[in-house]
Amino acid sequence: MTPYVPPIEDFSFLLYDVFRTDEEWAETSAPIDRELANSVLSECGRVARDVMAPLSSTADREGAKWHDGEVSAPQGFKDAFAVLTQGGWLGTAGNPEFGGQGLPKVLTTAVEEMFWGANTNLWLYAALTSGATYCIDAHASHELKSQFLPAMYEGRWTGAMALTESHAGTDLGMLRTRAEPIEGNTYAITGTKIFITSGEHNLAENIVHLVLARIEGAPQGTRGISLFLVPKYLVNDQGELGERNQFASGSIEHKMGIRGSATSVINYEGAKGYLIGEPNAGLRCMFTMMNYARVSVGVQGLGLSERAYQMASAYAKERLQGRAPTGPVNEQGAADPIIEHPDVRRMLLTQRALTEGSRAFAVFAALQLDRVQHSDPDVSGAAMRYVELLTPIVKAFTSDRAMETTLLAQQCFGGHGYIVESEIEQVVRDARISQIYEGTNGIQAIDLLGRKVLQDGGKTLADLVADLRQEELDSDYSKKVSTALDLWSDVTEWLGANSKSNPSLAGAAAVDYLNLAGYVLYAWFWARMSLLDNGRLGKSDLARFYFDQLLPRAEYHASVIKNGSDAVTTPKSDWF
């Protein structure tokens with residue numbers, strides 16, 4: 001496989017030039033400065049390149065293995081995971097009071113992208129831990145935090161989220177897992193969960209499950225769901241492991257991709273669990289971490305998109321086939337590199353423009369997550385509203401573009417891209433899941449338009465657009481950005497005016513609306529990156545390609561939305 005190259009230079013450009021995050025760190029007394037951030041990026045890149053990336057293809061071929069309830073990760077993962085834990089990589093964003101490092105989200109987003117891109121299968125064993133610790137830190141008692149967070153930040157214990165049930169899927173209000181009171185905040189959890197990433201494996205001493213269940217007598221639907229901390233091994237007051245809890249992996253899934261990551265069916269049979277937060281407030285607790293988890297899934301797609309581009313670019317410069325339309329370039333050879341062909345260049349430029357746009361978007365969203373913690377309530381309040389608005393776009397648009405770019409990368413390989421030995425087909429398969437889990441992308445689009453935009457009459461969107469307009473974009477693209485923002489606002493107003501009389505309109509328009517939003521936001525990022533690059537990273541060439549070749553897609557999505565919902569709703573259900 002083509003050696004993985006960590007995109008550290010591009011991250012440095014985004015952090016220090018585009019978003020000036022080190023200036024924000026200085027103003028807020030964050031425990032980070034440019035020198036430390038650069039050290040983190042450099043060491044992360046080394047671990048991603050030298051430790052994680054070499055195991056990616058072998059892990060895919062071997063896969064995770066299940067035997068009598070025990071799950072084994074692929075060979076080499078134990079040693080590599082030990083490197084991650086010894087380096088403190090699972091606790092980078094953790095609460096320092098309990099042993100975390102407290103690094104800002106903009107920096108941990110860079111860490112995540114490199115680890116996702118180098119070896120998605122391995123990082124999945126660690127990534128769920130971050131989400132679980134966010135939730136525990138925000139809602140659990142001080143006793144539970146003290147008992148579980150330090151070991152989870154160290155990586156000695158890992159985390160898993162147990163939400164999904166086979167009959168319910170995204171409709172969590174239908175879940176049947178029950179919680180019977182034992183004493184105090186302790187309950188017996190009984191039920192079966194599916195699709196539990198890293199729910200069972202052999203890389204850590206303990207695995208801490210966050211389980212949604214319904215306490216006996218609770219209201220039906222989502223109003224009656226509670227959240228419980230359910231460890232694989234029970235823990236005493238001194239933090240020592242005790243007896244095995246009453247749950248086990250019933251099987252692992254055989255998947256299209258991420259085959260080295262164990263995805264379990266988990267059977268809870270009166271397992272001891274501890275209530276997190278208040279009874280019947282489980283979804284509210286869980287959604288505390290959903291913004292972080294969904295941004296992380298978007299970054300997962302981004303990491304694989306970068307990986308695929310690097311592979312396609314290297315192949316296109318080496319593969320000899322045909323002659324350039326303007327005449328031979330490799331005059332001494334039998335053919336020219338395929339990178340000389342305009343269609344191959346179009347595919348590579350599309351990959352790179354979307355990938356680097358996605359990276360800018362991920363950093364921008366992470367910056368809003370950091371600002372939520374700001375001491376100024378005006379800053380934190382606005383940031384929270386923007387986080388709620390942007391999260392479904394980050395998750396869905398970034399992962400959709402990742403699927404597009406990995407497929408284009410495979411296409412650059414031609415027939416060789418369909419062969420296992422090329423290894424690009426694994427990247428395609430691994431990227432596919434990012435469009436599905438943590439809420440499918442269609443659900444994200446409905447959430448964006450229905451709950452985040454129309455529900456507040458477009459006010460948060462209008463405020464975000466106003467803030468974007470305040471940033472000086474004195475570049476060749478400022479007028480195009482302004483026109484794109486006008487288009488987004490106009491379509492939003494049109495939907496607000498028409499959706500009340502047409503209950504199907506929002507659902508029919510949601511995916512096109514999310515795509516429109518993504519392309520408009522990327523236009524703003526590309527104008528800003530082009531303005532600040534000064535020719536160092538070739539951003540001007542990529543910006544030109546984006547505005548000429550990709551931004552016109554926004555007009556297409558706007559046109560589809562304004563065509564209404566009749567074409568979607570007219571066919572009768574029994575016709576299909």
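Remember, it's a predicted structure, so these values are computed and weren't measured experimentally.
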Next item on the list: May I ask you to decide whether Arg385 forms a salt bridge with Glu388, counting only side-chain N to carboxylate O separations under 4.0 Å?
Entry: no

Margin query: Using 0.5 Å steps for rounding, measure from the CD atom of Glu306 to the CG atom of Leu302.
Written below: 7.5 Å

Notebook entry, point to check: Would you say the side-chain atoms of Ser358 pair up with the backbone N or O of Leu354, donor to acceptor, closer than 3.5 Å?
Noted result: yes

Next item on the list: Mind checking salt bridge (Lys or Arg N to Asp or Glu O under 4.0 Å) for Glu43 and listing every partner two or more places apart, or none if nothing turns up?
Entry: Arg46

Note to self: Is it true that, when you exclude Arg176 itself, more than 12 heavy atoms of the residues, nucleotides or ligands shown sit nearer than 6.0 Å to its CZ?
What the structure shows: no

Check: Just wondering, are more than 12 heavy atoms of other shown residues or ligands nearer than 6.0 Å to NZ in Lys78?
Finding: no

Next item on the list: Mind jotting down which residue pairs meet the salt bridge (Lys or Arg N to Asp or Glu O under 4.0 Å) criterion with at least one end in residues 181-202? Sequence neighbours excluded, please.
Entry: Glu165-Lys193, Glu200-Lys232, Glu200-Arg244

Next item on the list: For the pair Ser565 (side chain) and Val568 (backbone), establish whether a donor and an acceptor sit closer than 3.5 Å, ignoring hydrogens and angles.
Entry: no

Next item on the list: For Gln75, look at atom CD and say whether over 12 heavy atoms of other residues, nucleotides or ligands are found less than 6.0 Å away.
Entry: no

Next item on the list: Decide yes or no on side-chain contact (heavy atoms from CB on, under 4.5 Å) for Leu369 and Thr109, but give the supporting numbers first.
Entry: CA-CA 11 Å; Leu369 282 166; Thr109 293; over 6 Å; no

Check: Going by heavy atoms in the side chains, are Phe98 and His142 under 4.5 Å from each other?
Finding: yes

Next item on the list: Specify the closest pair of heavy atoms between Ala204 and Arg156, including all atoms of both residues, with the distance to one decimal.
Entry: CB-O, 3.3 Å

Next item on the list: Find out whether Thr192 and Ser166 are in side-chain contact, i.e. whether some heavy atom of one side chain is under 4.5 Å from a heavy atom of the other.
Entry: no

Check: Do Gln300 and Ser434 have side-chain N/O donor and acceptor atoms under 3.5 Å apart?
Finding: no

Checklist line | Residues in salt bridge (Lys or Arg N to Asp or Glu O under 4.0 Å) contact with Arg259, at least two apart in sequence or another chain | finding: none

Notebook entry, point to check: Shortest non-hydrogen contact from Leu124 to Ser198?
Noted result: O-OG, 3.0 Å

Next item on the list: Check for a donor-acceptor pair, side chain of Thr190 on one end and backbone N or O of Gly270 on the other, with a separation under 3.5 Å.
Entry: yes

Notebook entry, point to check: Any sub-3.5 Å donor-acceptor pair from Glu438's side-chain atoms to Val297's backbone N or O?
Noted result: no

Note to self: Checking the side chain of Asp370 only, and the main-chain atoms of Lys105 only, is there a donor and an acceptor separated by less than 3.5 Å?
What the structure shows: yes

Margin query: So does Ile196 get a backbone contact from the side chain of Thr263, meaning a donor-acceptor N/O pair under 3.5 Å?
Written below: no

Next item on the list: Report yes or no: does Asn515 contribute a side-chain atom to a donor-acceptor pair with the main-chain N or O of Val511 at less than 3.5 Å?
Entry: yes

Next item on the list: Looking only at non-hydrogen atoms, find the nearest pair between Thr405 and Ser305 and report the distance.
Entry: OG1-OG, 2.7 Å

Note to self: Considering only residues two or more places apart or on different chains, which pairs with a residue in residues 254-275 satisfy ring pair (Phe, Tyr, Trp, His ring centres under 6.0 Å)?
What the structure shows: His209-Tyr268, Phe247-Tyr268

Check: To the nearest 0.5 Å, what is the distance between CD1 (Ile266) and CZ (Phe195)?
Finding: 13.0 Å

Checklist line | Tyr4 to Met114 - nearest heavy-atom pair and separation | finding: OH-CA, 3.3 Å

Checklist line | Ser399 vs Asn441 side-chain heavy atoms within contact, under 4.5 Å | finding: yes

Margin query: I need the full list of salt bridge (Lys or Arg N to Asp or Glu O under 4.0 Å) pairs touching residues 118-145, with sequence neighbours left out, sorted by first then second residue.
Written below: none

Notebook entry, point to check: Would you say the side-chain atoms of Asn206 pair up with the backbone N or O of Tyr233, donor to acceptor, closer than 3.5 Å?
Noted result: yes

Note to self: Please check: side-chain N/O of Ser56 versus main-chain N/O of Asn121, any donor-acceptor pairing under 3.5 Å?
What the structure shows: no

Distance-only check: which donor-acceptor pairs under 3.5 Å involve side-chain atoms of residues 79-90, not counting sequence neighbours?
| unit_1 | atom_1 | unit_2 | atom_2 | d |
| --- | --- | --- | --- | --- |
| Thr85 | OG1 | Phe81 | O | 3.4 |
| Thr85 | OG1 | Ala82 | O | 2.9 |

Check: Hey, are the side chains of Gln373 and Ser380 touching, using non-hydrogen atoms and a 4.5 Å cut-off?
Finding: no

Check: Distance-only, no hydrogens or angles: does the Lys395 side chain make a donor-acceptor pair with backbone N or O of Thr440 under 3.5 Å?
Finding: no

Next item on the list: Compute both the distance and the angle, then confirm whether Arg359 meets the cation-pi test with Phe11: under 6.0 Å from the six-membered ring centre, within 45 degrees of the axis.
Entry: yes

Item checked: Given Trp66, Trp157, Phe77, Tyr125, the one that forms ring pair (Phe, Tyr, Trp, His ring centres under 6.0 Å) with His201 -> Tyr125

Notebook entry, point to check: With a 4.5 Å limit on heavy-atom distance, are the side chains of Lys452 and Thr460 in contact?
Noted result: no

Check: Is there a side-chain contact between Leu514 and Leu449 (heavy atoms, below 4.5 Å)?
Finding: no

Checklist line | Ring-face cation contact, Phe287 with Arg284, 6.0 Å cut, 45° max | finding: no

Notebook entry, point to check: Given Asp60 and Arg429, is the salt bridge (Lys or Arg N to Asp or Glu O under 4.0 Å) satisfied, shown in steps?
Noted result: CA-CA 10 Å; Asp60 177 70; Arg429 289 187 286 104; 2.8 Å; yes

Check: Do Leu41 and Leu107 come within less than 4.5 Å of each other through their side chains, counting heavy atoms only?
Finding: yes

Checklist line | Closest heavy-atom pair and its distance - Ala383, Arg371 | finding: CB-CB, 3.5 Å

Checklist line | Pairwise distance CD1(Ile225) to CG(Leu175) - rounded to 0.5 angstrom | finding: 4.5 Å

Checklist line | Non-hydrogen side-chain atoms of Pro231 and Ile207 separated by less than 4.5 Å | finding: no

